[in-house]
Number of protein chains: 2
Amino acid sequence: MRNAEGDGGSGSFAEVERYIEVTRQRLPGYPHERVKLARLVTHVQKRQSDLSNAVLKRHGLNYVKYTALMMMYGTPGRTLTPSTLSEGTGEKPANITRICDELLQQGLIERHPSAEDRRRVDLHLTREGERLIEKLQPELWQVWDEIYGCFNAAELRQLTRLLRKPLARLDASG
Amino acid sequence: MRNAEGDGGSGSFAEVERYIEVTRQRLPGYPHERVKLARLVTHVQKRQSDLSNAVLKRHGLNYVKYTALMMMYGTPGRTLTPSTLSEGTGEKPANITRICDELLQQGLIERHPSAEDRRRVDLHLTREGERLIEKLQPELWQVWDEIYGCFNAAELRQLTRLLRKPLARLDASG
DNA sequence: CGGATATATTTCATTTATGAATTATTCAGA
DNA sequence: TCTGAATAATTCATAAATGAAATATATCCG
């Protein structure tokens, strides 16, 4: 009743693997393992943002806004700048501005011109922002459990170690 | 190997790891490994879609449109339906409709009512679509190499095996 | 010092993606 | 057979994200 694809067997990704396999046979040299990995990453990412958005929506947030708040929460002084936020979330600066406008509207952050560098803006998590974050945690931990609960400690370490590699590589090469 | 792999180093993800660590100290029970993994997945996904979009843009495509075309290319008969596309790409049906409108405009696919089930629509890759795909491959393989070239065969297998797990799990639980 | 260049943020137009409602068809069961 | 539920696709209003240009400040170096 609740799953859209019950009969297909082991889930929608099986289908994806099938068409990658056909393509591999059509295109000599097709890097099917890398492609499959890329598709997996996309799917997992979609799932995690869909699931967490479902939770966050009830509290007037979405995944990006929440991540922004969490970055402030995890910063000494609970203050950082839009560019740090942009790097940390992967969102483009223009989007960060919009996100912060909204968080400001909601009273979850404050915006102040930076003292040291007047091009900069300091974004500071308000007490209300902190409270919201703390209230939210249990629901989100449940989401992470739902998605990543299938991994034991060793697998988590393994995955983390591996997925860091392509980021380091790209950082270096632009 | 040419990557600057130090984990205390320059990459933007080091910053992310730092704030996760602080948060971990503030919030007892914070599932920092799972959170870190989630953030990694987001970052890697962003990078791969950014990089491939840069290539695809030159050919009037984007990552989703391209994936849609590839799914058709890898399907016997080069024909499938919007719902298959939606599952395979992770995009919502409304977006698939829009995507297909555009691909149609570009002459890369055709749309026909399905014979067996008249609710359905058959999406068929045109000869021109095929040609575009084949022309594009070398450039894209370069992108996948740029991102995933850091992995050897064993690591690719490992990652693929691991990342399949959360998808299977979510498929089952809705 | 002062001009060129780089960095930080924002604005605005546009592209891309989603939710909710709608239409059409199929299917399951009384 | 008929009726209600499920499925497939689309439309439309709206949200979310981006690129490119604009603004303001900082830094580099003659």
(message) For a quick check of understanding: with a heavy-atom distance under 4.0 Å over all strands, which category does A/P82 fall into, base, sugar-phosphate or nothing?
(response) sugar-phosphate
(request) Could you tell me the separation between the CG atom of A/L123 and the P atom of C/dA8, rounded to a whole number of Å? (result) 14 Å
(message) Can you measure A/R120 atom CZ to C/dA6 atom C1' for me and round it to whole angstrom units?
(response) 13 Å
Show me the protein contacts with nucleotides 20-22 of chain D, counting only N or O atoms at under 3.5 Å.
none

(message) If the cut-off is 4.0 Å, is A/K46 near the phosphate of C/dT18, judged by side-chain N/O to OP1 or OP2?
(response) yes
(message) Does A/E21 have more than 12 heavy atoms from other residues, nucleotides or ligands lying within 6.0 Å of its CD?
(response) yes
(request) Using side chain to side chain donor-acceptor pair (under 3.5 Å) as the criterion, list what pairs up with B/D50, not counting sequence neighbours. (result) A/K92
(request) Would you please confirm or rule out a distance under 4.0 Å between OP1 or OP2 of C/dT16 and any side-chain N or O of B/N62? (result) yes
(message) Tell me whether A/R164 forms a cation-pi arrangement with B/F13, defined as NZ or CZ under 6.0 Å from the six-membered ring centre and within 45 degrees of its axis.
(response) no
(request) Answer yes or no: does a side-chain N or O of B/R111 lie under 4.0 Å from OP1 or OP2 of D/dT10? (result) yes
(request) May I ask you to verify if any side-chain N or O of A/R98 is less than 4.0 angstrom from the OP1 or OP2 atom of D/dA17? (result) yes
(request) Answer yes or no: are there more than 12 heavy-atom neighbours, outside B/Q142 itself, under 6.0 Å from its atom CD? (result) no
(message) Considering every strand and a 4.0 Å limit on heavy-atom distances, what is the contact class for B/S114: base, sugar-phosphate, or nothing?
(response) nothing
(message) Using a 4.0 Å heavy-atom cut-off, does A/N95 contact any base of the nucleic acid, only the sugar-phosphate backbone, or nothing at all?
(response) base
(request) Tell me which of B/S83 and A/V64 sits closer to the 5' end of DNA chain D, going by the nucleotide each one is nearest to. (result) B/S83
(message) Listing request: all salt bridge (charged side-chain N to carboxylate O under 4.0 Å, His left out) pairs with a residue in residues 147-161 of chain A, at least two apart in sequence or in separate chains.
(response) A/E155-B/K165
(request) Answer yes or no: does a side-chain N or O of B/R118 lie under 4.0 Å from OP1 or OP2 of C/dT25? (result) yes
(request) May I ask you to say whether B/D122 pairs ionically with B/R111, meaning some side-chain N is under 4.0 Å from a carboxylate O? (result) no
(request) Looking only at side-chain atoms of B/T97, point me to the closest of D/dA26, D/dT11, C/dT25. (result) D/dT11
(message) Looking at every non-hydrogen atom in both residues, tell me the closest pair between B/P28 and A/W141 and how far apart they are.
(response) O-CH2, 3.3 Å
